[in-house]
Amino acid sequence: QVQLVESGGGLVQPGGALRLSCAASGSIFSINAMGWYRQAPGKERELVAAIISGGSTNYADSVKGRFTISRDNAKNTVYLQMNSLKPEDTAVYYCNAKGTYRSGGLKVFNSWGQGTQVTVSS
């Protein structure tokens, strides 16, 4: 299977910045898409940003112009640079990856990280 390990969350003041990282490991054959989701207390999980293998990106309207998603294909790692953070960005952020892995042939995976807390507060 494929495992995702996130890092980079924490407490930051409004207007500050954080960079999240997510590294995928395992018998990966290909990763078609990687993305970041978030879930605030009492709310459903929502897509924040995603990047596909060709490099195209997609952002939630609420983060456009403030967040940037990028990917290092050689390291199977995705990053989320978050600038101009607002209190409403407070949530647990989850990494997601979709692709194929080797297991007696090729199989499809859709893996999630354990989540990292981002808190924006003064």
Side-chain angles (χ1 to χ4, degrees):
Q1 265 286 9
V2 176
Q3 297 79 39
L4 303 181
V5 177
E6 302 142 338
S7 61
L11 172 65
V12 64
Q13 293 186 343
L18 282 175
R19 188 192 194 209
L20 305 182
S21 299
C22 171
S25 63
S27 302
I28 299 169
F29 179 78
S30 66
I31 298 179
N32 300 326
M34 300 187 81
W36 290 95
Y37 291 72
R38 68 186 180 187
Q39 187 166 19
K43 295 187 176 181
E44 294 186 354
R45 190 173 297 189
E46 63 175 357
L47 175 68
V48 176
I51 184 167
I52 65 173
S53 57
S56 296
T57 57
N58 182 38
Y59 295 93
D61 288 342
S62 59
V63 307
K64 283 180 181 177
R66 299 188 298 122
F67 291 10
T68 302
I69 189 169
S70 61
R71 178 175 164 181
D72 185 334
N73 291 330
K75 296 182 179 179
N76 289 329
T77 299
V78 65
Y79 306 95
L80 186 68
Q81 178 65 44
M82 305 185 293
N83 298 329
S84 303
L85 282 160
K86 304 175 180 180
E88 51 264 44
D89 295 317
T90 296
V92 177
Y93 284 69
Y94 297 90
C95 177
N96 174 262
K98 300 178 180 66
T100 55
Y101 70 102
R102 301 179 185 88
S103 179
L106 293 181
K107 296 182 180 179
V108 174
F109 72 87
N110 182 5
S111 296
W112 291 89
Q114 79 283 1
T116 185
Q117 178 70 46
V118 171
T119 302
V120 185
S121 174
S122 55

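Reckoned from all heavy atoms, side chains included, excluding hydrogens, waters and symmetry mates.
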Note to self: Is there a side-chain contact (heavy atoms from CB on, under 4.5 Å) between Leu11 and Ser121? Walk through the geometry before answering.
What the structure shows: CA-CA 7 Å; Leu11 172 65; Ser121 174; 4.2 Å; yes

[X] with [Y], same ILVMFWY side-chain cluster at under 4.5 Å:
| X | Y | answer |
| --- | --- | --- |
| Tyr59 | Trp36 | yes |
| Ile31 | Val48 | yes |
| Val120 | Tyr37 | no |
| Tyr94 | Val118 | no |
| Phe29 | Val2 | no |

[atom1]-[atom2] distance between [X] and [Y], expressed to the nearest 0.5 angstrom:
| X | Y | atom1 | atom2 | value |
| --- | --- | --- | --- | --- |
| Ser30 | Tyr101 | OG | OH | 12.5 Å |
| Leu20 | Gln81 | CG | CD | 9.0 Å |
| Leu4 | Ser111 | CG | OG | 5.0 Å |
| Glu6 | Asn96 | CD | CG | 10.0 Å |
| Met34 | Ile51 | CE | CD1 | 9.5 Å |
| Ser27 | Phe109 | OG | CZ | 10.5 Å |

Minimum-distance pair of heavy atoms, taken over all atoms of [X] and [Y]:
| X | Y | result |
| --- | --- | --- |
| Gly99 | Asn32 | CA-ND2, 3.8 Å |
| Val78 | Cys95 | CG1-SG, 3.8 Å |
| Pro14 | Ser122 | CD-N, 3.7 Å |

Item checked: Ionic contact status for Asp89 with Lys86, cut-off 4.0 Å ->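 Answer for the salt bridge query: no.
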
Next item on the list: Kindly indicate, with the supporting measurements, whether the criterion side-chain contact (heavy atoms from CB on, under 4.5 Å) is fulfilled by Glu46 and Arg38.
Entry: CA-CA 6 Å; Glu46 63 175 357; Arg38 68 186 180 187; 2.7 Å; yes

Checklist line | Side-chain heavy atoms of Asp72 within contact of Tyr79, under 4.5 Å | finding: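 They are in contact (side-chain heavy atoms under 4.5 Å apart), so the answer is yes.
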
Note to self: Are the side chains of Arg45 and Trp112 in contact, using a 4.5 Å heavy-atom criterion?
What the structure shows: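 Side chain of Trp112 against side chain of Arg45, heavy atoms only: contact under 4.5 Å found.
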
Item checked: Evaluation steps, side-chain contact (heavy atoms from CB on, under 4.5 Å), between Ser53 and Arg71 -> CA-CA 9 Å; Ser53 57; Arg71 178 175 164 181; 4.2 Å; yes

Notebook entry, point to check: side-chain contact (heavy atoms from CB on, under 4.5 Å) with Leu18: which of Asn83, Leu85, Leu80?
Noted result: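 Testing Leu18 for a side-chain contact (heavy atoms from CB on, under 4.5 Å) against Asn83, Leu85, Leu80 leaves exactly one candidate, Leu85.
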
Margin query: With a sphere of 6.0 Å drawn around CD of Glu44, does it hold more than 12 non-hydrogen atoms of other residues, nucleotides or ligands?
Written below: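 At most 12 heavy atoms, drawn from other residues, nucleotides or ligands, come within 6.0 Å of this atom.
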
